[in-house]
Trainee: 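Quick one: the structure is below, questions incoming.
Computed over heavy atoms, backbone and side chain alike; hydrogens, waters and symmetry mates excluded. Treat the numbers as computed from the prediction; the structure is a model and nothing was measured. Position 1 is the first residue of the sequence; numbering continues from there.
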Amino acid sequence: RRASCLAGLGYGPATTVLGARPLGMNGRPAVLLLLPGETAEAVAAVVVEPGCSSAHTGLLAKSVVTRT
(Lines give C-alpha, C1' and ligand atoms only; values in the text may rest on other atoms or scores of the structure.)
Protein backbone atom coordinates (compact mmCIF):
# COMPACT_ATOMS: atom_id res chain seq x y z
CA ARG A 1 0.00 0.00 0.00
CA ARG A 2 2.90 2.38 0.75
CA ALA A 3 4.24 2.08 -2.81
CA SER A 4 0.80 2.89 -4.23
CA CYS A 5 0.49 5.94 -1.99
CA LEU A 6 3.96 7.16 -2.91
CA ALA A 7 3.18 6.74 -6.62
CA GLY A 8 0.02 8.79 -6.22
CA LEU A 9 2.05 11.53 -4.55
CA GLY A 10 4.57 11.54 -7.43
CA TYR A 11 7.35 9.54 -5.75
CA GLY A 12 8.90 6.30 -6.97
CA PRO A 13 7.96 3.07 -5.17
CA ALA A 14 11.54 2.70 -3.89
CA THR A 15 11.50 6.12 -2.20
CA THR A 16 12.85 5.89 1.33
CA VAL A 17 10.33 7.08 3.89
CA LEU A 18 12.41 9.05 6.40
CA GLY A 19 9.70 8.87 9.04
CA ALA A 20 5.99 8.24 9.48
CA ARG A 21 3.49 8.71 12.26
CA PRO A 22 -0.26 8.50 12.67
CA LEU A 23 -1.91 11.71 13.83
CA GLY A 24 -5.19 13.55 13.82
CA MET A 25 -5.91 16.48 11.53
CA ASN A 26 -9.11 18.50 11.83
CA GLY A 27 -10.60 15.71 13.93
CA ARG A 28 -9.85 13.03 11.32
CA PRO A 29 -7.24 10.27 11.34
CA ALA A 30 -4.22 10.98 9.14
CA VAL A 31 -0.64 9.88 8.56
CA LEU A 32 2.40 12.16 8.48
CA LEU A 33 5.10 11.03 6.03
CA LEU A 34 8.58 12.55 5.90
CA LEU A 35 10.04 12.10 2.42
CA PRO A 36 13.24 13.22 0.69
CA GLY A 37 12.94 16.66 -0.91
CA GLU A 38 14.27 17.76 -4.26
CA THR A 39 17.67 18.62 -2.74
CA ALA A 40 19.78 16.91 -0.10
CA GLU A 41 18.87 19.65 2.39
CA ALA A 42 15.10 19.41 1.87
CA VAL A 43 12.54 17.16 3.53
CA ALA A 44 8.91 16.98 2.38
CA ALA A 45 6.35 16.64 5.17
CA VAL A 46 3.15 15.19 3.72
CA VAL A 47 -0.09 14.48 5.58
CA VAL A 48 -2.44 11.98 3.92
CA GLU A 49 -5.57 10.03 4.79
CA PRO A 50 -4.85 6.52 6.17
CA GLY A 51 -6.21 4.87 3.00
CA CYS A 52 -3.80 6.74 0.71
CA SER A 53 -3.37 5.03 -2.69
CA SER A 54 -2.37 5.92 -6.22
CA ALA A 55 -6.05 6.34 -7.14
CA HIS A 56 -6.85 8.58 -4.15
CA THR A 57 -3.99 10.01 -2.11
CA GLY A 58 -6.19 11.85 0.33
CA LEU A 59 -3.53 14.56 0.50
CA LEU A 60 -4.37 16.88 3.39
CA ALA A 61 -1.20 18.99 3.65
CA LYS A 62 2.31 19.28 2.22
CA SER A 63 5.25 21.40 3.24
CA VAL A 64 8.94 21.38 2.38
CA VAL A 65 11.39 22.01 5.19
CA THR A 66 15.07 22.81 4.69
CA ARG A 67 17.48 21.05 7.02
CA THR A 68 20.25 23.13 8.53
Trainee: Run the salt bridge (charged side-chain N to carboxylate O under 4.0 Å, His left out) test against Arg28 and tell me which residues pass, sequence neighbours left out.
Mentor: Glu49
Trainee: How far apart are the closest heavy atoms of Gly51 and Arg1, and which atoms are they?
Mentor: CA-NH1, 3.5 Å
Trainee: Please, which pairs that meet salt bridge (Lys or Arg N to Asp or Glu O under 4.0 Å) have at least one residue in residues 3-12, sequence neighbours excluded?
Mentor: none
Trainee: Among all residues two or more places apart in sequence or in another chain, which pass the side chain to side chain contact (heavy atoms under 4.5 Å, CB included) test with Pro36?
Mentor: Thr15, Leu18
Trainee: Spell out, yes or no, whether Val43 and Leu23 are grouped together once hydrophobic residues are joined by side-chain heavy atoms under 4.5 Å, including indirect joins.
Mentor: yes
Trainee: If you look only at pairs with a residue in residues 57-68, which of them pass as a salt bridge (Lys or Arg N to Asp or Glu O under 4.0 Å), with sequence neighbours excluded?
Mentor: none
Trainee: Could you list who else is in Val46's hydrophobic cluster, with ILVMFWY side chains joined at under 4.5 Å, directly or through other members?
Mentor: Leu6, Leu9, Tyr11, Val17, Val31, Leu33, Leu35, Val48, Leu59
Trainee: Applying disulfide bond (SG atoms under 2.5 Å apart) as the test, list every pair that has at least one member in residues 13-51; sequence neighbours left out.
Mentor: none
Trainee: Just grab all the side chain to side chain donor-acceptor pair (under 3.5 Å) pairs involving residues 16-26, residues at least two apart or on different chains.
Mentor: none
Trainee: Under the rule for side chain to side chain contact (heavy atoms under 4.5 Å, CB included), what residues qualify as partners of Thr39, not counting sequence neighbours?
Mentor: Glu41, Ala42
Trainee: Of the non-hydrogen atoms in Ser54 and Ser4, which two are nearest, and what is the gap between them?
Mentor: N-OG, 2.8 Å
Trainee: Return each pair, listed once, that meets disulfide bond (SG atoms under 2.5 Å apart) where at least one residue sits in residues 8-68; pairs must be two or more places apart or across chains.
Mentor: Cys5-Cys52
Trainee: What residues form a side-chain hydrogen bond (donor to acceptor under 3.5 Å, both in side chains) with Ser53, not counting sequence neighbours?
Mentor: none
